Number of protein chains: 2
Amino acid sequence: MRYAPEHNDATRERILEAASRLFQEHGIAAVGLAKVMAEAGLTVGTFYTHFESKEALLQEALLRSLDARHEALVQTLPGADLERVVRAYLSPEHRDASGTGCPVAALASEVARHPRATRHTFSSHNAPTLDALAAWLSSRRGKKVGRADAAALLGLLAGTLQLARAAPDRAESDAILEAGVRAAIRLAT
Amino acid sequence: MRYAPEHNDATRERILEAASRLFQEHGIAAVGLAKVMAEAGLTVGTFYTHFESKEALLQEALLRSLDARHEALVQTLPGADLERVVRAYLSPEHRDASGTGCPVAALASEVARHPRATRHTFSSHNAPTLDALAAWLSSRRGKKVGRADAAALLGLLAGTLQLARAAPDRAESDAILEAGVRAAIRLAT
DNA sequence: ATTATCTATAGATCTATAGATAATGC
DNA sequence: ATTATCTATAGATCTATAGATAATGC
């Protein structure tokens, strides 16, 4: 149809948005391309006009989610209150909205099983967040904190959020979030 | 065939062992029943003689893995050196053997998307480990540490292991493990 | 006689491709 | 004229079931 150039981009963006959300909410293997395309208001046939494969879609979806998360973080991070940042991550709202939440908590363990290229995309687009976290921690603590140390803090946050999501009992899940907040503050102070 | 009673149990055990390993290594959704049965030396047709559904198999596989992990932990935990315990968890060996490793690190985020009954199995068979960890931490720190606090420590360990598994670069992955060890010791002391 | 296992298959879904259709730019 | 979209389909795989076969206990 040779639509206006922005039409194609807009469609691509819609597919990516749907994919990011569905992958994070239900898992990568559990979401078919037909479902992604339907969510974007299209049929499966069009998929390969926009992406080379499901793996290529995944890489772009991860990149998108991670970059968006990073942008949101650097907006709030400078001068932010530690407890506020941690409580935002380990909140019941974040727990209950995995589709639009942290890609690390939602997908890290599944991405670990994907090809190196996908892991590289994940890792390299998570790195800016780790660096921002490390710089923030460094200035708070008054001594150098490295990227890997930031990864341990993010690991604590994401791992605890996963346990809270897996808990079938609401009160127990809330208690895990609360304990995670205490632990993260303790670790970051 | 009405085999000896132990034959049936042995077959069931073989299926469960294969399922536990394959689920943890490749993810639940990514592993079909045909693959599990083939790994156990059987064909798909026999599956439903032993289990009601894939979900029922998953529940039993989780239960098995979690109980086994718990048994191994309580053997080594009393009087164990903190750093040694943490280093065993965040070791390159554990990172590279997800199939036989910690079910929390391998499957928590995927289990979180499964039915309540499955989450309940996961949570209730993880609880003894959390209680043992909490008791150990309590005696080490000389003050009461709750189950949720133990969950935060396990969250740190599992989340960090996931990030190390997702990292495409070996050196970076090792650095994450090392930072995780420092963080876990800091948190548990 | 019982029952664990096998082969075979139903029916749904998966990723990916082929070819027709239609909406736009030139 | 170009190309994004559609319908249709290939070929593989998924969970689950049906019915035949064969290995055991009584």
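We name chains A, B, ... by the order of the sequence lines, and we start the count at 1 in each one. What you are looking at is a predicted structure, and each value in this text was computed from that prediction instead of being measured.
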request  = May I ask you to list the residues of residues 47-56 of chain A, by number, that have any heavy atom positioned under 4.0 Å from an atom of DNA chain D?
outcome  = Thr49(A), His50(A)
ask   = How close or far is atom C1' of dT15(D) from atom CG of Leu58(B), stated in whole angstroms?
value = 14 Å
task = Return yes if some donor-acceptor pair links the side-chain N/O of Lys35(A) with the main-chain N/O of Leu22(A) below 3.5 Å, else return no.
result = no
key: CA sep, side-chain torsions, deciding dist, call: Thr100(A), Gln24(A), side chain to side chain donor-acceptor pair (under 3.5 Å)   = CA-CA 7 Å; Thr100(A) 53; Gln24(A) 290 194 189; over 6 Å; no
Results of side-chain contact (heavy atoms from CB on, under 4.5 Å) for Leu187(B) - residues two or more places apart only = Ala183(A), Arg186(A), Leu153(B), Leu156(B)
query = side chain to side chain donor-acceptor pair (under 3.5 Å) with Arg95(A): which residues, sequence neighbours excluded?
reply = Ser173(A), Asp174(A)
inquiry  = Listing request: all ring-ring contact (aromatic ring centres under 6.0 Å, His included) pairs with a residue in residues 120-167 of chain A, at least two apart in sequence or in separate chains.
reply    = none
request  = Name every residue in residues 25-36 of chain B that has at least one heavy atom under 4.0 Å from any atom of DNA chain D, in order of residue number, or write none if there are no such residues.
outcome  = Val31(B), Gly32(B), Leu33(B)
request  = Test side chain to side chain donor-acceptor pair (under 3.5 Å) on Glu110(B) and Ser109(A) and set out the steps.
outcome  = CA-CA 9 Å; Glu110(B) 193 167 5; Ser109(A) 65; over 6 Å; no
inquiry  = Tell me which pairs pass ring-ring contact (aromatic ring centres under 6.0 Å, His included) where either residue lies in residues 71-96 of chain A, with sequence neighbours left out.
reply    = Tyr89(A)-His94(A)
Counterpart residues, side chain to side chain donor-acceptor pair (under 3.5 Å), relative to His26(A) (two or more places apart) = none
Counterpart residues, salt bridge (Lys or Arg N to Asp or Glu O under 4.0 Å), relative to Glu172(A) (two or more places apart) = none
task = For Thr49(B) and Thr46(B), indicate whether the former's side chain and the latter's backbone hold a donor-acceptor pair under 3.5 Å.
result = yes
inquiry  = Expected output is a numbered-order residue list: members of residues 37-44 of chain A with a heavy atom under 4.0 Å from any atom of DNA chain D. What is it?
reply    = Leu42(A), Thr43(A)
inquiry  = Applying side chain to side chain donor-acceptor pair (under 3.5 Å), can you list everything that pairs with Ser98(A), at least two apart in sequence or on another chain?
reply    = none
Dot-bracket line, read 5' to 3' along DNA chain D, where crossing pairs take [ ] and | marks a partner on another strand, Watson-Crick or G-U under 3.5 Å = ||||||||||||||||||||||||..
inquiry  = Tell me the interatomic distance from Leu57(B), atom CG, to dA16(D), atom C1', rounded to whole angstroms.
reply    = 14 Å
query = Does Pro168(B) offer a backbone N or O that forms a donor-acceptor pair with the side chain of Arg116(A) under 3.5 Å?
reply = yes
message = Which residues pass the side-chain contact (heavy atoms from CB on, under 4.5 Å) test with Thr11(B), not counting sequence neighbours?
response = His7(B), Arg14(B), Ile15(B), Leu42(B), His50(B)
